[in-house]
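Before any comments, here is the structure.
Numbering starts at 1 and runs along the sequence shown.
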Amino acid sequence: MTRTSSLALTLLAALASAPAWADSPPPQNVVGLSASSSIEVNKDVLSVTLSTTRDGTDAGSVQSQLKQALDAALAEAKKAAKPGQIEVRTGNFSLFPRYSNKGGITGWQGTAELNIEGKDIPGIAQLTGRINTMTVARVGTSLSREQREKVESDVTGQAIAQYRAKAADVARQFGFSGYTLREVQVNSNEPPMYAAAPMMRAKSMSDASEALPVELGKGTVTVTVNGTVQLTK
């Protein structure tokens, strides 16, 4: 047998042993479905951003004033800080020039921020009232990881049950006896940290000794199931 004949036989053998799926038709009777379930739970984390603004003709003076205000706020906040209950961290600290109509610098303005976050709601509310060098800029409420995990398993079970019920109903309506799962994804939502908190107001310098009034409200945990099923006879 010549070398050419040997190569031809080898090629034919390779083609004969090629996987069957190479020429198989696309799957039939496949349906895409989606189902979701939600539950409301009490929010348990409060986040407060305090800020202050200073302006003047000298950049160094403005920066110094901002630093003094921030240092005083930090000193007061650190007295109440407790891991997991009242966490304190500095936020934005910026300084930028003001320009005249002709383009020249006429002065400087700067902003400093302090972020306070945690589960000790009364403690945070009282702490904001004791800080008199900064005012409330933003207030946010959210769910802690622990609070989400308490209900996430139950919500996931409900979403999966709804998905299975929907798949069985679709199969029946199309004249099939059942279905098999193909690809399924289970996702839970991640709500934004800052949300409108009812019954809250920013305190001014005149009422700085008052505790911040806050009602945390409720948050929603949602689990969504997406995927495809194969309808079966």
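In this structure, Arg54 CZ and Ser64 OG are separated by 10.5 Å, a value rounded to the nearest 0.5 Å. Distance CG/Asp44 to NZ/Lys150: 7.5 Å, rounded to 0.5 Å. Taken from OG in Ser177 to NZ in Lys233, the straight-line distance is 8.0 Å, to the nearest 0.5 Å. Distance OG1/Thr180 to CG/Asn29: 10.5 Å, rounded to 0.5 Å. For the atom pair CD1 (Ile116) and CD (Glu76), the distance works out to 9.5 Å, reported to the nearest 0.5 Å. The CD atom of Gln109 lies 9.5 Å from the CG atom of Leu66; values are rounded to the nearest 0.5 Å.
Taken together through direct or relayed side-chain contacts under 4.5 Å among Ile, Leu, Val, Met, Phe, Trp and Tyr, Leu181 and Leu231 form part of one hydrophobic cluster. Note on Leu70 and Phe96: separate hydrophobic clusters, where clusters join Ile, Leu, Val, Met, Phe, Trp and Tyr whose side-chain heavy atoms are under 4.5 Å apart, directly or indirectly. No continuous path of hydrophobic side-chain contacts links Val30 to Tyr179 [ILVMFWY only; heavy atoms under 4.5 Å]. Hydrophobic clustering (ILVMFWY, side-chain heavy atoms < 4.5 Å, transitive): Phe93 and Val62 are in one cluster.
Every side chain to side chain contact (heavy atoms under 4.5 Å, CB included) that Ile160 has, sequence neighbours left out, goes to Thr156, Arg164, Val225.
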Exercise for review: Might you work through the side chain to side chain contact (heavy atoms under 4.5 Å, CB included) test for Val184 and Asn226, ending with a clear yes or no?
Suggested key: CA-CA 6 Å; Val184 176; Asn226 295 290; over 6 Å; no
Check your understanding: Would Gln147 and Asn42 satisfy side chain to side chain contact (heavy atoms under 4.5 Å, CB included), going step by step from the backbone distance to the final call?
Key -> CA-CA 8 Å; Gln147 191 78 325; Asn42 293 323; 4.2 Å; yes
Point to revise | Intermediate values then yes/no, salt bridge (Lys or Arg N to Asp or Glu O under 4.0 Å), Glu113 and Arg89 | key: CA-CA 9 Å; Glu113 291 184 345; Arg89 65 181 185 277; over 6 Å; no
Practice item. Would you please test Asn189 and Val223 for side chain to side chain contact (heavy atoms under 4.5 Å, CB included) and show each step? Key: CA-CA 6 Å; Asn189 70 324; Val223 174; over 6 Å; no
Point to revise | Worked verdict on Thr106 versus Tyr99 for side chain to side chain contact (heavy atoms under 4.5 Å, CB included) | key: CA-CA 5 Å; Thr106 61; Tyr99 295 94; 6.0 Å; no
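For the 3.5 Å distance criterion, the side chains of Gln158 and Asp154 fail to qualify, holding no donor opposite an acceptor. Side chains of Ser38 and Thr222: a donor on one and an acceptor on the other come within 3.5 Å. A side-chain donor-acceptor contact under 3.5 Å links Gln230 and Arg182. Checked by atom type, the side-chain pair Thr49/Asn115 shows a donor-acceptor distance below 3.5 Å. Thr141 and Lys43 share a donor-acceptor pair across their side chains, judged by distance under 3.5 Å alone.
Applying the 6.0 Å contact sphere to CD of Glu87 captures more than 12 heavy atoms from other residues, nucleotides or ligands. Residue Gln185 places its CD atom among 12 or fewer non-hydrogen atoms of other residues, nucleotides or ligands, all under 6.0 Å distant.
Contact check for Leu74 versus Leu114: side-chain heavy atoms found under the 4.5 Å cut-off. Residues Val221 and Val41 are in side-chain contact: their nearest non-hydrogen atoms beyond the backbone lie under 4.5 Å apart. Under the 4.5 Å side-chain criterion, counting only non-hydrogen atoms from C-beta, Thr220 is not in contact with Ile39. Contact check for Val45 versus Glu117: side-chain heavy atoms found under the 4.5 Å cut-off. With a 4.5 Å cut-off on side-chain heavy atoms, Asp55 and Arg98 count as touching. Annotation: side chain of Lys119 is in contact with side chain of Ser144 (closest heavy-atom distance under 4.5 Å). Under the 4.5 Å side-chain criterion, counting only non-hydrogen atoms from C-beta, Thr228 is not in contact with Leu33.
Pairing each heavy atom of Ala81 with each of Val88, the nearest pair is CB-CG2, 4.2 Å. Nearest heavy-atom pair, Ala159 versus Ala35, reported as atom, atom and distance to 0.1 Å: O-CB, 4.0 Å. Gln162 and Ser36 get closest at one heavy-atom pair: OE1-O, 2.8 Å. Ala167 and Val229 make their closest contact through CB-CG1, 4.2 Å (heavy atoms, listed as atom of the first residue, atom of the second, distance). Taking all atoms of both residues into account, the shortest heavy-atom contact from Ala72 to Thr133 is CB-CG2, 3.9 Å. The shortest heavy-atom contact between Ile131 and Ala73 is CG2-CB, 3.7 Å.
The residues Lys166 and Asp169 are annotated as not salt-bridged, no charged nitrogen and carboxylate oxygen being separated by less than 4.0 angstrom.
Put simply, the side chain of Ser61 never gets that close to the backbone of Asp58: no donor and acceptor are under 3.5 Å apart.
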